[in-house]
Amino acid sequence: MLLSRLRLVRTASSLMTRTLCLGSRILQGKAPDMAEGNPHLLVTNVRNRLMETVGASTNWRDHQQAMAERVSLSSHLAHSQDELPVRRMKDSYIEVHLPLGTQPELREKYLTFHNSVRFGRILEDLDSLAVLICYSHTKNDALQRSPLSIVTALVDKIDMRKQTIYPDCDIKFTGHVTWVGKTSIEAKMHMSQFHDGAYSPVLDATFVLVARDPENKRAAYVNPLKPEGLEEDKLFQEGEANKKRRVELSTASLLKAAPTAEERKIIHSLFLNTLESKTVSFRSRVLPPNSVWMEDAKMKGLEICHPQERNIFNRIFGGFLMRKSYELAWANACAYGGCRPNLVAVDDILFQKPVEIGSLLLLSSQVCYTQDKYIQVRVHTEVLDPLTGQHNTTNIFHFTLSSPVDVPAIIPRSYGESMLYLDGKRHLDVVVSSQ
């Protein structure tokens, strides 16, 4: 595979392969397969490396001052992409270890009551790693701090390749940039776990990130990417196809276009199946056997956004939002199916607006589609201004989970619920077709 061949690294002008530790300690070790003559690498945690790159601080007051000082970095931004040096995929390759097996003190943060790994924590780690990968791609060795503000715009998809994640076995993340536009970057990551004497794949993830100026106000150019070899060409073309697919999906969104003829038949059939046969009335609705009204399959939550959950740019960390949304979706699916579900896929997570520190964040999860053992859950997050009462959508999350047994059918009542039903069906169809 490509990632297994990307261990040889940098010349004086490119980035070293690095092995980072997600734990709280700073360790010393070697990067795998280092080129002869390169020094040993310090292994530090991802968040610390990001803070060094941006110039942030762990202290809240110092952090605010550091963010204000970033304005002066605007002069280092490129005026066009042509001004920036071309990068290779191996320049951004990173390997990160989460030593749950060899460092037991790390386990509690990741442990569930049922002796498995909290997947919400994995989402946080993936989000941080994706940002660091992109900073590796755009690194300018002449500058101590990066003038770019790189933030997650979209989680394109996360596909689970293994359901069981052991809480006492080491985890390894690898990833690198696979596609770039003018101001956007696609990063692919893979997670594996050491068990029974070998690492086996657990998940594959694709994130899309965007580069902005030091104040995070306008788009900024990123280094172009040059694939090397057939396998890298294939990855780059997949990135182009992913971009095209996202544009097509956006155009066909049910918020912009009417359902297809086949989808209209599905909704009409659901409607007819809920009519009371004795009254012959469009208003008399009856719930079919082994079914649940969609309005009864909701679960909500509230988060007060404290400074502790900030990212390196003084906004709420995207990984935190993903973790909270996933945990709410999982709880909703668990209550709906009556048993503990397994995550199958995460896709189409859209970060529409940043969440400011101090915000009141409202989370609303909805079971929007079911099929046999599958449960499709949509989580909508919005910020509430308690003084004005204004609501602003910040994120939309889509989670596909599976139950050990078949689950009740979800039935929409209103037209709006019917659109949620069709949107959920579209997401599940993509997940099932890709398995």
Side-chain angles (χ1 to χ4, degrees), residues 112 116-124 126-127 152 154-165 188-191 201-208 242 245-246 249-250 252-254 263 266 292 294 297-299 319 321-351 363-381 395-412 417-435:
T112 72
S116 59
V117 169
R118 295 175 61 184
F119 188 77
R121 294 294 189 191
I122 300 299
L123 288 174
E124 290 182 328
L126 287 171
D127 190 51
T152 304
L154 174 73
V155 178
D156 191 67
K157 59 181 177 178
I158 300 176
D159 294 322
M160 302 299 298
R161 301 180 63 181
K162 187 178 181 181
Q163 292 297 338
T164 303
I165 306 177
K188 285 188 181 295
M189 294 165 287
H190 307 276
M191 171 180 156
V202 176
L203 65 80
D204 303 314
T206 303
F207 281 46
V208 178
N242 288 338
R245 172 180 52 81
R246 289 191 292 268
L249 289 176
S250 177
S253 168
L254 292 167
E263 288 175 333
I266 292 173
V292 176
M294 187 178 287
K298 297 180 179 179
M299 193 171 287
L321 300 175
M322 285 194 283
R323 173 165 65 87
K324 288 298 182 181
S325 297
Y326 164 74
E327 291 174 349
L328 184 63
W330 186 93
N332 198 5
C334 182
Y336 184 87
C339 50
R340 298 181 70 244
N342 292 316
L343 179 68
V344 176
V346 181
D347 73 303
D348 199 20
I349 294 180
L350 182 62
F351 290 82
L363 302 95
S364 178
S365 70
Q366 173 72 71
V367 175
C368 54
Y369 185 75
T370 58
Q371 179 181 305
D372 301 327
K373 298 179 180 180
Y374 290 108
I375 306 173
Q376 189 69 34
V377 183
R378 180 181 189 268
V379 179
H380 175 268
T381 63
N395 304 89
I396 298 173
F397 303 84
H398 300 274
F399 301 98
T400 305
L401 302 103
S402 66
S403 172
V405 297
D406 287 355
V407 298
I410 198 78
I411 305 296
E417 288 181 346
S418 297
M419 296 304 100
L420 286 176
Y421 181 91
L422 292 178
D423 188 56
K425 183 179 186 303
R426 288 181 178 183
H427 281 91
L428 182 59
D429 287 346
V430 171
V431 171
V432 173
S433 65
S434 63
Q435 290 184 333

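The first residue of the sequence shown is numbered 1, and numbering continues consecutively from there. Values below: all heavy atoms of this structure, side chains included; hydrogens, waters and symmetry mates excluded.
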Exercise. Are side-chain heavy atoms of Glu327 and Phe119 found at a separation under 4.5 Å?
Worked result: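 No, their side chains stay 4.5 Å or more apart.
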
Between [X] and [Y], is there a donor-acceptor pair closer than 3.5 Å when you use the side chain of the first and the backbone of the second?
X	Y	value
Ser116	Thr112	no
Gln376	His398	no
Thr400	Leu428	no
Ser365	Met299	yes
Ser325	Met322	no

For this session: Could you go through the side chain to side chain donor-acceptor pair (under 3.5 Å) check for Lys188 and Thr206 one step at a time?
Result: CA-CA 5 Å; Lys188 285 188 181 295; Thr206 303; 3.0 Å; yes

Closest contact, heavy atoms only, [X] versus [Y]:
X	Y	value
Phe399	Ala329	CD1-CB, 3.5 Å
Pro404	Cys339	CD-SG, 3.4 Å
Tyr336	Ile410	OH-N, 3.5 Å
Ile158	Ala205	CG1-CB, 3.9 Å
Asn332	Ala297	ND2-O, 3.3 Å
Met294	Lys298	O-CG, 4.2 Å

Which distance, rounded to the nearest 0.5 Å, do you find between the [atom1] of [X] and the [atom2] of [Y]?
X	Y	atom1	atom2	answer
Cys368	Lys425	SG	NZ	12.5 Å
Tyr374	Asp406	OH	CG	11.0 Å
Thr152	Ile349	OG1	CD1	10.0 Å
Ser403	Asp372	OG	CG	11.0 Å

For this session: Let me see the working for His190 and Asp204 under side-chain contact (heavy atoms from CB on, under 4.5 Å), right down to the final yes or no.
Result: CA-CA 5 Å; His190 307 276; Asp204 303 314; 2.7 Å; yes

For this session: Mind telling me whether Tyr369 and Tyr421 have parallel, tilted or perpendicular rings, with 30° and 60° as the class edges?
Result: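 The rings of Tyr421 and Tyr369 stand perpendicular, inter-plane angle above 60°.
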
Problem set entry | Test side-chain contact (heavy atoms from CB on, under 4.5 Å) applied to Leu203 and Ile122, Leu343, Asp159, Ile165, the passing residue |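 Answer to the side-chain contact (heavy atoms from CB on, under 4.5 Å) test with Leu203 among Ile122, Leu343, Asp159, Ile165: Ile122.
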
For this session: Decide side-chain contact (heavy atoms from CB on, under 4.5 Å) for His380 and Ile396; before the verdict, give the C-alpha distance in whole Å, the side-chain angles of both, and the deciding distance to 0.1 Å.
Result: CA-CA 5 Å; His380 175 268; Ile396 298 173; 4.2 Å; yes

For this session: Not counting sequence neighbours, which residues clear salt bridge (charged side-chain N to carboxylate O under 4.0 Å, His left out) with Asp423? List them please.
Result: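 Here no residue qualifies.
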
Exercise. What pairs with Arg246 under salt bridge (charged side-chain N to carboxylate O under 4.0 Å, His left out), at least two apart in sequence or on another chain?
Worked result: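 Once residues adjacent in sequence are excluded, the partners of Arg246 under the salt bridge (charged side-chain N to carboxylate O under 4.0 Å, His left out) criterion are Asp156.
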
For this session: Give the C-alpha distance, both sets of side-chain angles, the deciding distance and a yes or no for side-chain contact (heavy atoms from CB on, under 4.5 Å) between Asp429 and Arg426.
Result: CA-CA 5 Å; Asp429 287 346; Arg426 288 181 178 183; 5.7 Å; no

For this session: Start with the C-alpha distance between Thr381 and Leu321, add both sets of side-chain angles, then the distance that settles side-chain contact (heavy atoms from CB on, under 4.5 Å), and finish with yes or no.
Result: CA-CA 9 Å; Thr381 63; Leu321 300 175; 6.0 Å; no

Exercise. Considering residues at least two apart in sequence or located in another chain, which fulfil the side chain to side chain contact (heavy atoms under 4.5 Å, CB included) criterion with Ala333?
Worked result: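 Partners of Ala333 by the side chain to side chain contact (heavy atoms under 4.5 Å, CB included) criterion, ordered by chain and then number, come out as Pro341, Ile375, Val377, Leu401.
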
